[in-house]
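Shown next, in structure tokens, is the structure this report addresses.
We count residues from 1, following the sequence as given.
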Amino acid sequence: MWVFYLISLPLTSGMVLLTLRYFAGPDVPRYVLFTVGYTWFCSLSIIILVPADIWTTIIDHNNGGISFFWSWSYWSTFLLTWAVVPIIQGYEDAGDFTVAERLKTSVHVNLVFYLCIGSIGLFGLILLIVLRKNWGGSILGFAMACSNTFGLVTGAFLLGFGLSEIPKSIWKNADWTTRQKVLSHKVAKMAVKLDDAHQDFSNAIVAPSRILGRAMQGFLKGPLGSSVDVAVYLLSVLDESHMKKKKYQWVSL
């Protein structure tokens with residue numbers, strides 16, 4: 001069995017590292033790489049745990065090692081799915097300027113989402129209890145059934161999408177002529193969007209410039225107008241002397 005561990009553990013770790021290296025961008029933070037790598041390793045740990053569990057059952061060698069690793073894989077995946085990864089995603093998407101504010105925004109967004117989902121689940125549970133007068137089952141069994149149903153439905157949906165989308169994309173990309181036409185169409189659409197974005201950016205620059213110009217005209221007509229003129233003149237002189245000094249240093253080099 002140790003031979004299997006020596007083969008499967010490096011193989012699983014190598015799969016995770018190669019996948020990270022292939023999909024990760026150059027500017028991805030290290031904590032994101034570590035979190036994603038650990039998540040994938042926990043998901044792929046079933047490759048190691050299932051044969052080990054079967055082997056210990058066959059030889060009737062039931063110790064706490066396999067149970068511990070199953071619990072570690074399950075609770076690690078559970079915490080990563082519902083707590084760690086959503087918080088990191090919200091942190092990366094937050095537009096705040098400090099770490100504390102970005103974490104606060106991420107936690108707030110996830111709490112709102114979980115409260116909405118929890119409210120819907122609580123409403124469904126109350127409705128089920130009301131409709132079924134003779135409630136003889138336990139809440140724990142009902143929660144386990146809901147969890148298994150959610151996992152099966154989600155897995156079936158993702159598996160069905162992958163079984164249909166991956167061959168379809170491979171089929172489309174195999175024809176280079178069609179691929180070129182599709183890419184040309186996408187380039188044209190992106191060019192139009194780029195032109196619209198450039199126009200919006202130009203409008204956004206012009207509006208504050210006009211407002212600032214009107215404000216400066218009103219300010220210069222006031223009692224401090226001459227002082228502002230002197231300050232602007234001194235700054236222009238200092239900037240010109242600084243540029244000459246830089247030019248002299250560049251020529252000397």
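Distance check: Ile7 CD1 to Ile48 CD1 gives 11.5 Å after rounding to the nearest 0.5 Å. One finds the CZ atom of Phe123 at 10.0 Å from the CD1 atom of Ile120 (value rounded to the nearest 0.5 Å). The distance from atom OG of Ser13 to atom CZ of Phe41, rounded to the nearest 0.5 Å, is 4.5 Å. We find the CH2-CG distance between Trp70 and Leu49 to be 5.0 Å, quoted to the nearest 0.5 Å. For the atom pair CG of Leu115 and CG of Leu122, the computed distance is 11.5 Å after rounding to the nearest 0.5 Å. One finds the CG atom of Asn110 at 11.5 Å from the CD1 atom of Ile117 (value rounded to the nearest 0.5 Å).
With a 6.0 Å radius and a threshold of 12 heavy atoms from other residues, nucleotides or ligands, Tyr114 has its OH atom above the threshold.
In the hydrophobic cluster analysis, where Ile, Leu, Val, Met, Phe, Trp and Tyr join through side-chain heavy atoms closer than 4.5 angstrom, Leu11 is grouped together with Ile54. In this structure, Ile47 is a member of the same hydrophobic cluster as Val16, with clusters built from ILVMFWY side-chain heavy atoms closer than 4.5 Å. Transitive grouping of hydrophobic side chains (ILVMFWY, heavy atoms separated by less than 4.5 Å) brings Leu33 and Val36 into a common cluster. Tracing side-chain contacts under 4.5 Å through hydrophobic residues (I, L, V, M, F, W, Y), one never reaches Leu152 starting from Val50; they form parts of separate clusters. The cluster map of Ile, Leu, Val, Met, Phe, Trp and Tyr, joined by side-chain heavy atoms under 4.5 Å apart, puts Leu44 and Tyr74 in different clusters.
Under the 4.5 angstrom side-chain criterion for Ile, Leu, Val, Met, Phe, Trp and Tyr, the cluster partners of Tyr22 are Phe23.
Remark: Thr105 engages Asp96 in a side-chain hydrogen bond (donor to acceptor under 3.5 Å, both in side chains) (not counting sequence neighbours). Applying the side-chain hydrogen bond (donor to acceptor under 3.5 Å, both in side chains) rule to Trp75 yields no partners; only residues at least two apart in sequence or on another chain are considered. Applying the side-chain hydrogen bond (donor to acceptor under 3.5 Å, both in side chains) test to Tyr31 and every residue at least two apart in sequence or in another chain returns Glu92. Looking at residues two or more places apart in sequence or on another chain, you find a side-chain contact (heavy atoms from CB on, under 4.5 Å) between Val112 and His108, Cys116.
Under the 3.5 Å distance criterion, the side-chain polar atoms of Ser45 are matched with a main-chain donor or acceptor of Cys42.
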Show which side-chain atoms of residues 76-91 pair as donor or acceptor with protein atoms under 3.5 Å away, not counting sequence neighbours.
residue: Ser76; atom: OG; partner: Tyr38; partner atom: OH; Å: 3.1
residue: Ser76; atom: OG; partner: Trp72; partner atom: O; Å: 2.7
residue: Thr77; atom: OG1; partner: Ser73; partner atom: O; Å: 2.7
residue: Thr81; atom: OG1; partner: Thr77; partner atom: O; Å: 2.6

task: Evaluate the side chain to side chain contact (heavy atoms under 4.5 Å, CB included) criterion for residues Trp40 and Leu20: first the C-alpha distance (whole Å), next the side-chain angles of each, then the deciding distance (0.1 Å), finally the verdict.
output: CA-CA 9 Å; Trp40 287 348; Leu20 279 176; 3.7 Å; yes
